[in-house]
Amino acid sequence: QVQLVESGGGLVQAGGSLRLSCAASGLNFTRYTGAWFRQAPGKEREFVAGISWSGGRTNLADSVKGRFTISRDNAKNTVYLQMNSLKPEDTAVYYCAAAFQPTIVTFTRGYTYWGQGTQVTVSS
């Protein structure tokens, strides 16, 4: 049984930082591209960041470039999202996703497995 479990969300003031973690089990995570998406109330789920199998390639949405960093530790089957300089518009539920493919895709249907989400709230 494949599981992706996110943690690290919470309430933070604007300008603050959070680090999200996504722990994977039930799959050979080293063969999966990892990604983070987010969904704000009333909006569609959007791509935030992705990382290749080895961690050698990353892709970040323009809205988070320079503020967010994605990384992974395959020995721990975990993908991270370091979020700095947070803004109120970053408020959303953040989802971890995994895809058995070498390329980083930015659309939701490209990912097979999803976590349950973790809430990030940034106050102004």
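Sequential numbering from 1 along the given sequence is applied to the chain's residues.
- Both Trp36 and Val64 sit in one connected hydrophobic cluster of ILVMFWY residues. Membership requires side-chain heavy atoms under 4.5 Å apart, directly or through other members.
- With hydrogens and angles disregarded, no donor-acceptor distance shorter than 3.5 Å links the side chain of Thr118 to the backbone of Ser7.
- The two residues Val105 and Gly110 have their closest heavy-atom pair at CG2-CA, 3.9 Å.
- Across Arg38, Gln119, Glu6, a single residue satisfies side-chain hydrogen bond (donor to acceptor under 3.5 Å, both in side chains) together with Tyr94, and that is Arg38.
- Note: the hydrophobic cluster containing Leu60 also contains Leu20 (ILVMFWY, side chain heavy atoms under 4.5 Å, direct or indirect links).
- Formation of a donor-acceptor pair under 3.5 Å by the Gln82 side chain with backbone atoms of Arg19 is not found in this model.
- Put simply, Tyr80 and Val48 are part of two different groups of oily side chains (I, L, V, M, F, W, Y) that touch within less than 4.5 Å, one to the next.
- Hydrophobic clustering (ILVMFWY, side-chain heavy atoms < 4.5 Å, transitive): Ile104 and Val79 are in distinct clusters.
- Residues Thr78 and Ser21 share a closest heavy-atom pair of CG2-CB, 4.3 Å.
- Note on Phe68: it does not cluster hydrophobically with Leu11, by side-chain heavy-atom contacts below 4.5 Å among ILVMFWY residues.
- Taking every heavy atom of both residues into account, Leu4 and Cys96 meet most closely at CD1-O, 3.9 Å.
- A distance of 11.0 Å separates CG in Asn59 from CD1 in Ile51, rounded to the nearest 0.5 Å.
- Distance alone, capped at 3.5 Å, places no donor-acceptor pair between the Thr121 side chain and the Thr91 backbone.
- In this structure, the separation between SG on Cys22 and CZ on Phe29 is 5.5 Å, given to the nearest 0.5 Å.
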Task: side chain to side chain contact (heavy atoms under 4.5 Å, CB included) assessment of Val120 paired with Met83 - done: CA-CA 10 Å; Val120 171; Met83 306 186 294; 3.9 Å; yes
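- Checking each of Tyr95, Phe107, Phe47 against Phe37 for a ring pair (Phe, Tyr, Trp, His ring centres under 6.0 Å) leaves exactly one that passes, namely Phe47.
- With values rounded to the nearest 0.5 angstrom, Thr58 atom OG1 is found 9.5 Å from Lys65 atom NZ.
- Atom CD of Gln13 sits about 9.5 Å away from atom OG of Ser124, to the nearest 0.5 Å.
- Remark: side-chain polar atoms of Asn74 are paired, donor with acceptor, to backbone N or O of Trp53 under 3.5 angstrom.
- With hydrogens and angles ignored, the 3.5 Å screen pairs a side-chain donor or acceptor of Arg67 with a backbone N or O of Ser85.
- Classified by interplanar angle (parallel below 30°, tilted 30° to 60°, perpendicular above 60°), the ring pair Tyr111/Trp114 is perpendicular.
- Ring geometry, Phe100 versus Tyr32: the interplanar angle falls from 30° to 60°, so the pair is classed tilted.
- Side-chain atoms of Arg72 come within 3.5 Å of backbone atoms of Ser52 as a donor-acceptor pair (strictly under, hydrogens ignored).
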